[in-house]
Structure formats: structure tokens, C-alpha cells
Amino acid sequence: MEARERGLKYGYRSGLEESIARQFEERGITYYYETTRIEYEVNEIRKYTPDFVLPNGLIIETKGRFVASDRKKHLLIKKQHPFLDIRFVFSNSRQKISKGSKTTYGDWCDKYGFLFSDKLIPNEWLEE
């Protein structure tokens, strides 16, 4: 079964989300999946639903593709909610943000102060 199909089967939007949820479960970590709504404003108020929120307030956002609209949204959220600790788990942080760009997803995170990982959640994130 393809990862995306497996994710959908278990109530997630992607195979990566399902994989991250399984990691939490295997480690006995409590998490909340898409239960929090965070307002942010572009020219209108919109709502962002984080993929995972841990009891310590850490927000985990999983991304296979990290398109321009996602990047813009997260910069607006960071500016409007600087106290939130949003971290990314990518399928591949070395993926270029667009065709012909030298900037990777990881480079973008470094530039804007977001912590990130590939496929797995670092233990140190869970131990904070």
C-alpha cells in the first residue's frame, strides 16, 4: 500500500503524517492531531490548523511539498504569533523550493528561524 493511501486509511492527510503519528505512539508521546486552529491575517483572517500539537506547546508541521503559499503562510503566522514554536518535518529538506532555485526547504527554514528535520522527529524535540 502506498504511503499516502496508508495515511488516508488511518485518518491522516498523508503518509508522512501517519508515519509521524506512529513515531509518537511508539514512544508513548501524547499528541493532538489537527485539533488547534490559529488565526492569521493576509488581507482577511484565515485559520491555520497545525498537523500535530504536543502538550508542551510544540507544533509539528509535516511537509512533503512546501509550496510558496505554505511558506508565505508560515512567515505571516511567525510574525503574528512569535511565541509559537512551529517546527517542520519534511519528506526531503534538500528539495529545492522551486525549479531553478538553489534554495532548499532546509535553507528556507534556516533563513527564517524554523527548526526542521527529515522524516523523523529528533528525540531532543520530544525531551524539551
Taking the side chain as every heavy atom from C-beta outward, state whether [X] and [Y] have any pair of such atoms under 4.5 Å apart.
{"X": "Phe116", "Y": "Tyr105", "result": "no"}
{"X": "Phe24", "Y": "Leu126", "result": "yes"}
{"X": "Ile20", "Y": "Ile121", "result": "yes"}
{"X": "Ile59", "Y": "Leu84", "result": "yes"}
{"X": "Ile60", "Y": "Phe88", "result": "no"}
{"X": "Tyr32", "Y": "Phe52", "result": "no"}

Worked check of side-chain contact (heavy atoms from CB on, under 4.5 Å) between Thr104 and Gln95: CA-CA 5 Å; Thr104 65; Gln95 176 73 36; over 6 Å; no

If the condition is side-chain contact (heavy atoms from CB on, under 4.5 Å), which residues does [X] pass it with, not counting sequence neighbours?
{"X": "Glu44", "value": "Arg46"}
{"X": "Ser101", "value": "Ile97, Ser98, Thr103"}
{"X": "Glu34", "value": "Arg13, Glu17, Thr49, Asp51"}

Does a side chain donor of either Glu61 or Tyr48 reach within less than 3.5 Å of an acceptor in the other side chain? yes

Any Lys/Arg nitrogen of Arg87 or Asp85 sitting under 4.0 Å from an Asp/Glu carboxylate oxygen of the other? yes

Out of curiosity, does Ile77 fall in the hydrophobic cluster containing Leu75 (side-chain heavy atoms, cut-off under 4.5 Å, transitive links)? yes

Pairs flagged by salt bridge (Lys or Arg N to Asp or Glu O under 4.0 Å) wherever residues 93-115 is involved - sequence neighbours left out: Arg94-Asp118

For the [atom1] atom of [X] and the [atom2] atom of [Y], what is their distance to the nearest 0.5 Å?
{"X": "Leu16", "Y": "Lys63", "atom1": "CG", "atom2": "NZ", "result": "10.5 Å"}
{"X": "His74", "Y": "Ser69", "atom1": "NE2", "atom2": "OG", "result": "9.5 Å"}
{"X": "Asn123", "Y": "Trp125", "atom1": "CG", "atom2": "CH2", "result": "11.5 Å"}
{"X": "Lys119", "Y": "Ser19", "atom1": "NZ", "atom2": "OG", "result": "9.0 Å"}
{"X": "Glu127", "Y": "Asn56", "atom1": "CD", "atom2": "CG", "result": "11.5 Å"}
{"X": "Leu54", "Y": "Tyr31", "atom1": "CG", "atom2": "OH", "result": "10.5 Å"}

Thr36: which residues meet the side chain to side chain donor-acceptor pair (under 3.5 Å) condition with it, sequence neighbours left out? none

Quick one: list whatever passes ring-ring contact (aromatic ring centres under 6.0 Å, His included) with Trp108, sequence neighbours left out. Phe66, Tyr112, Phe114

Within the side chain of His81, is there an N or O that forms a donor-acceptor pair under 3.5 Å with the backbone of Glu39? yes

Is the centre of the Tyr12 ring less than 6.0 Å from the centre of the Tyr33 ring? yes

Tell me if the CZ atom of Arg37 is crowded by more than 12 foreign heavy atoms within 6.0 Å. no

